[in-house]
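Just follow the structure's listing: the first ligand is 1, and inside any ligand the first atom is 1.
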Amino acid sequence: MEEKIVLPNHIGIIMDGNGRWATKRGLSRSEGHRAGANTLKKLCIFLNQQGLKYLSLYAFSTENFKREAKEVEYLMNLFIKMFKEEFASLHKENVRVVFSGKKEPLRNDVLEAMNELMQKTKDNTGCCLNICLNYGGQYEIADMTKKLCEEYKKDKITLDDITPEYIQENLYQNLPPLDLVIRTGGEQRLSNFMLYQASYAEFFFTDTYFPDLDEKELTRIINDFNKRNRRFGGN
Ligand code: IPE
Ligand code: IPE
Ligand code: MG
């Protein structure tokens, strides 16, 4: 039997470079997104089979609504198709899907497909796949702050209840901190991805465009991660 790789608890992937992958091949950006979606499914299944507990994927940022309407529409339709049809294989593999992000201005049919997938997979006990869709780290912190202010106003909490742990519990999803964040596509920035959860994450940047990220490169990155010395402020 093939040996399993030693995995961190929570991996985040900023899936960037779909557009450039397509342009390089003389294809439309949409075709890049289609190829990226296939990669995403393949890598989720691989990591789940390896025994990963938490995987967060940056699928669409709040800022991505600034793109041309045609591209946004393609992506929204692609999300629906993925959630309704292609993710059946993830359900079979026991993956539990949750979402992080704002509802507005997502279309109703997109929200419905998200909700359906979440409900269908809610009792699964494999990897928790957190899909960040219409997600922005700054909005997540603003939304959490509003929630805590409401609780404070209603005397449900006192100021002393506001601890880092309580903040984590009140983000879009109560997930453990990120251990490893991988960004494909050559840029070295967070672009508003999981600001709070990434406090002590290790970062890996690769020039590979997301559709070309494969199990071999992912395994190499994880093996490199295992060699890093994480000190968490100690010595
Ligand atoms: C990432 O690929 C996917 C989304 C942001 C939805 P891009 O679409 O950003 O691809 P590039 O960066 O333009 O190549
Ligand atoms: C980050 O990629 C968002 C996602 C991967 C969904 P972008 O392509 O939107 O980031 P910037 O614009 O290069 O910072
Ligand atoms: Mg990009």
Q) CZ of F79 to CG of L117: how many Å apart, nearest 0.5 Å? A) 12.5 Å

Q | Non-neighbouring partners of K153 that pass salt bridge (Lys or Arg N to Asp or Glu O under 4.0 Å), sequence neighbours left out | A | E150

Q: Give the numbers and elements of all ligand 2 atoms closer than 4.0 Å to a heavy atom of R189.
A: 11 (P), 13 (O), 14 (O)

Q.
With 2.8 Å as the threshold, which protein atoms of type N, O or S lie near the Mg ion (ligand 3)? Leave waters out.
A. D16 OD1

**Q.** Intermediate values then yes/no, ring pair (Phe, Tyr, Trp, His ring centres under 6.0 Å), Y135 and F99
**A.** CA-CA 9 Å; Y135 174 88; F99 289 92; over 10 Å; no

**Q.** More than 12 heavy atoms from other groups under 6.0 Å of OH on Y74
**A.** yes

Q: First locate atom CG of L133, then atom OG1 of T62, and finally report the distance between them rounded to the nearest 0.5 Å.
A: 11.0 Å

Q | side chain to side chain contact (heavy atoms under 4.5 Å, CB included) against C127, all qualifying residues, sequence neighbours excluded | A | N48, L52, L55

Q. Is the Lys NZ or Arg CZ of R183 less than 6.0 Å from the centre of F193's six-membered ring, within 45° of the axis?
A. no

Q. Under 3.5 Å, is there a donor-acceptor pair between the side chain of S89 and the main chain of E86?
A. yes

Q: Would you confirm whether S56, through its side chain, and G12, through its main-chain N or O, come within 3.5 Å as a donor-acceptor pair?
A: no

Q: Can you measure from CD1 (I80) to CE (M82) and round to the nearest 0.5 angstrom?
A: 12.5 Å

Q. With hydrogens left out, which residues have an atom under 4.0 Å from ligand 1, given that only heavy atoms count?
A. M15, D16, G17, N18, G19, R20, R29, H33, A59, N64, R67, E71, L75

